[in-house]
Amino acid sequence: MLRLRSLALTLLGCLAAGAVRAAEYDLIISGGRVVDGTGAPWFRADVGVRGDRIAAIGNLEKASARRRVDATGKYVAPGFIDMLGQSELNLLVDNRVESKIRQGITTEVTGEGGSIAPMSPVWIAEAKPWLDKYHLTVDWKDLDGYWRRLRKARPAVNLATYVGAAQVRGVVLGLGEVQPDPSQLSRMQREVETAMRQGAVGVSSGLIYPPGSYATTAELVALARAAGRHGGLYASHIRGEDDGVMQALEEAITIGKQAQVPVEIWHLKVALRRNWGRMKDVVDRIERARADGVDIAADIYPYVAASNGLAATVPGWAQAGGTDTMLRRFHDPETRARILREVKTALEREPPGDILLASCVNPELRKYMGRRLDDVAKEMRKPPEEALLDLVEADRAQGWVVRFWISEDDVRLAMKQPWVSFVTDNPGQATDGPFAADLAHPRAFGGMARVLGKYVRDEHVLTLEDAVRKMTSLAARRVRLLDRGIVRPGMAADLVVFDLERVRDVATFEKPLQYSEGFSDVVVNGRVVLDDGKMTDERPGRPLRPGRP
């Protein structure tokens with residue numbers, strides 16, 4: 001009898017010990033106001049994390065945890081998702097991408113027309129100046145190979161990517177202004193499908209940049225269909241964002257209809273001063289398409305300036321064949337004269353004073369960074385169009401600029417739409433390390449903070465709950481990251497803690513390399529990357545594949 005009683009007590013003790021262990025958490029974020037990402041009103045609760053998952057939400061005051069974060073007086077939200085981030089190479093050079101972490105971004109989606117894979121000697125040659133500057137070797141050919149390299153790099157954030165239509169075009173056709181024959185188009189489709197099987201979220205296009213700009217609508221429909229066979233969507237930097245914005249939008253809608261895939265319009269805008277106010281027409285057209293059954297949405301960055309390569313001002317035909325071929329055209333007198341005429345016309349629409357030089361590879365050009373093109377042209381004692389070509393050549397088309405061409409009213413109107421999410425459209429970087437000398441668009445450091453501080457707290461353009469929804473669950477659902485974007489048991493433990501009264505974007509166009517304020521703690525896959533405002537050594541980011549936990 002005593003023996004049976006002893007066994008029973010031992011069994012009960014084991015069960016009790018097991019119950020204690022089951023109640024233990026690796027992390028509890030306590031006392032915060034939870035904005036869960038769905039758009040529902042905030043509620044006060046503790047959030048318990050076990051491993052890389054959210055394990056419990058409620059009153060966890062008596063629960064044990066290896067670590068507690070006190071969020072009293074602060075908000076707790078899902079980690080923010082940057083719907084176009086551009087950090088795929090930067091992460092291999094500096095895995096911190098601190099500018100992203102310090103504005104609450106835990107996941108980045110990338111691949112704007114060009115993408116990290118498939119890779120070929122043509123694309124490696126185009127990127128050589130940048131690769132050489134940062135001592136980076138491309139040792140992968142497909143997306144699986146890049147994922148292996150990314151895991152070794154131990155990134156601070158998660159990364160998902162599109163496969164770029166221009167990328168597969170360059171692999172199959174090279175960089176010339178040519179059209180694929182049926183067998184080449186079939187090979188391009190196979191490249192898209194391979195990338196989709198390896199984890200791409202869809203196919204993308206950047207239709208103002210060669211060689212992507214050489215693609216016809218029919219080519220893009222074929223590639224979008226290939227992505228659609230694997231559940232992917234079609235995302236686009238549309239063919240025109242200024243005078244031709246409505247025609248470009250119509251093309252994107254047509255591609256979605258014919259390929260029967262969802263459509264994402266990247267960094268929705270209406271560019272150039274003479275087009276300000278036309279966002280209403282753009283929004284109306286998207287709403288009509290949605291009413292007709294087209295699954296179309298968009299994203300924006302909350303700034304009145306865009307950013308891209310200085311070479312984007314060079315006419316597309318002059319860029320055909322890649323950088324070396326373009327630069328040879330610069331030195332042919334007759335061809336150069338034609339290019340200069342077209343660049344001059346472009347600068348009449350977009351004044352040189354609206355173009356700010358932001359980054360370069362050539363150290364001899366660093367003295368011009370942070371200055372407007374008209375000012376630099378005067379110092380060079382050349383007309384702006386001549387100065388532009390010389391700068392493009394000196395930097396082998398690697399230089400980036402900020403272009404002031406968007407209306408604040410248009411930004412606000414786009415932001416209010418329920419189908420609009422947010423992007424930084426910039427790679428992450430830190431204020432020290434290998435990218436410390438590179439200027440940037442302030443959105444790289446402040447995009448999400450600007451939404452919360454300026455447009456939620458100060459101007460009441462959005463409610464807090466809706467802004468968080470746009471930065472989390474809306475974004476996650478678009479690219480089928482089904483275990484991200486909501487604070488709920490079983491979901492990935494990507495979390496951000498912030499003080500809404502203190503949140504603000506500090507980065508400016510003049511001094512962009514300044515971290516946002518008001519974000520105290522950031523958790524990625526259950527591990528604390530930002531701890532009471534300080535970066536830790538944790539690097540828990542991982543490749544994300546759609547539809548997979």
Side-chain angles (χ1 to χ4, degrees), residues 29 32-45 71-84 99-107 267-269 279 283 297-305 406-426 441-478 485-487 494-508 514-522 530 533:
I29 300 175
R33 301 172 180 177
V34 177
V35 186
D36 69 3
T38 65
W42 67 265
F43 57 93
R44 197 178 303 280
T72 302
K74 300 175 184 178
Y75 290 90
V76 181
F80 302 151
I81 298 174
D82 182 352
M83 284 288 273
L84 181 60
S99 62
K100 302 278 174 114
I101 290 293
R102 287 186 176 274
Q103 56 181 302
I105 293 168
T106 59
T107 294
H267 40 63
L268 186 70
K269 69 177 74 69
M279 181 58 73
V283 168
D299 47 62
I300 65 166
Y301 41 77
Y303 291 88
V304 296
I406 308 169
S407 158
E408 179 68 34
D409 288 340
D410 284 347
V411 170
R412 286 192 180 93
L413 178 59
M415 184 183 299
K416 292 178 181 178
Q417 306 312 310
W419 33 264
V420 167
S421 52
F422 292 103
V423 298
T424 66
D425 195 18
N426 251 88
H441 191 297
R443 66 194 183 196
F445 282 74
M448 303 301 179
R450 187 174 179 84
V451 172
L452 295 174
K454 177 180 173 65
Y455 293 105
V456 171
R457 182 192 61 224
D458 297 343
E459 299 184 4
H460 308 290
V461 176
L462 298 173
T463 65
L464 172 62
E465 289 84 355
D466 197 34
V468 170
R469 179 188 69 85
K470 288 169 174 286
M471 292 189 281
T472 58
S473 67
L474 174 62
R477 300 294 83 75
R478 290 301 293 170
I486 298 177
V487 180
D494 291 349
L495 299 160
V496 55
V497 180
F498 61 92
D499 182 343
L500 187 60
E501 295 305 311
R502 292 188 57 245
V503 164
R504 70 185 185 106
D505 58 309
V506 182
T508 65
Q514 301 185 80
Y515 295 124
S516 294
E517 296 178 352
F519 297 87
S520 60
D521 301 88
V522 174
L530 188 70

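No hydrogens, no waters, no symmetry mates; every other heavy atom, side chains included, goes into these values.
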Not counting sequence neighbours, which residues clear side-chain contact (heavy atoms from CB on, under 4.5 Å) with Thr106? List them please.
Asp494, Val522, Val524
To the nearest 0.5 Å, tell me how far Thr472 OG1 sits from Arg477 CZ.
8.5 Å
Which pairs would a plain distance check flag for residues 495-506, meaning a side-chain donor or acceptor within less than 3.5 Å of a matching protein atom at least two apart in sequence or in another chain?
unit_1: Asp499; atom_1: OD1; unit_2: Glu501; atom_2: N; d: 3.0
unit_1: Arg504; atom_1: NE; unit_2: Glu517; atom_2: OE1; d: 3.0
unit_1: Asp505; atom_1: OD2; unit_2: Arg450; atom_2: NH1; d: 3.1

Salt bridge (charged side-chain N to carboxylate O under 4.0 Å, His left out) against Asp425, all qualifying residues, sequence neighbours excluded
Arg443
With sequence neighbours excluded, tell me which residues meet side chain to side chain donor-acceptor pair (under 3.5 Å) with Asp299.
none
Hits for ring pair (Phe, Tyr, Trp, His ring centres under 6.0 Å) against Tyr455, two or more places apart or cross-chain, chain-then-number order -> none
Can you check whether Ser516's main-chain N or O pairs, donor with acceptor, with Gln103's side chain at less than 3.5 Å?
no
Give me the atom names and distance for the closest heavy-atom approach of Phe445 to Ala507.
CB-CB, 3.8 Å
Residues 75-84 side chain polar contacts: donor-acceptor under 3.5 Å, at least two apart:
unit_1: Tyr75; atom_1: OH; unit_2: Arg33; atom_2: NH1; d: 2.9
unit_1: Asp82; atom_1: OD1; unit_2: Leu84; atom_2: N; d: 3.2
unit_1: Asp82; atom_1: OD1; unit_2: Thr424; atom_2: N; d: 2.9
unit_1: Asp82; atom_1: OD2; unit_2: Lys100; atom_2: NZ; d: 2.9
unit_1: Asp82; atom_1: OD2; unit_2: Thr424; atom_2: OG1; d: 2.5

Who passes salt bridge (charged side-chain N to carboxylate O under 4.0 Å, His left out) against Lys416, sequence neighbours left out?
none
Residue pair Phe422 / Met471, side-chain heavy-atom distance below 4.5 Å
yes
Could you tell me which residues satisfy side chain to side chain donor-acceptor pair (under 3.5 Å) with Lys74, sequence neighbours excluded, listed by chain and number?
Ser520
Which pair of heavy atoms, one from Thr107 and one from Ile105, lies closest together, and at what distance?
O-CG2, 3.5 Å
Inter-residue atom distance Glu459.CD - Glu408.CD, 0.5 Å rounding:
6.5 Å
What's the shortest heavy-atom distance between Ile29 and Ala71, and which atoms?
CG2-CB, 3.8 Å
What residues, two or more places apart in sequence or in another chain, satisfy side chain to side chain donor-acceptor pair (under 3.5 Å) together with Ser407?
none
Partners passing side-chain contact (heavy atoms from CB on, under 4.5 Å) against Ala305 (at least two apart in sequence or in another chain)
Val402, Phe404, His441, Phe509
Go through Leu464 and Leu452 one step at a time and tell me if the side chain to side chain contact (heavy atoms under 4.5 Å, CB included) criterion holds.
CA-CA 7 Å; Leu464 172 62; Leu452 295 174; 3.9 Å; yes
Smallest heavy-atom separation, Val420 atom then Ala414 atom, equals CG2-O, 3.3 Å
Glu465 with Arg469: basic N within carboxylate O range, under 4.0 Å
no
Identify, with sequence neighbours excluded, every residue that meets side chain to side chain donor-acceptor pair (under 3.5 Å) alongside Arg44.
none
What pairs with Lys470 under salt bridge (charged side-chain N to carboxylate O under 4.0 Å, His left out), at least two apart in sequence or on another chain?
none
Between Gly37 and Val468, which heavy-atom pair has the shortest distance, and what is it?
CA-CG1, 4.1 Å
Arg102 and Leu530, any side-chain heavy atoms less than 4.5 Å apart
yes
Which heavy atom of Ile406 sits nearest to which heavy atom of Tyr303, and what is that distance?
CD1-O, 3.9 Å
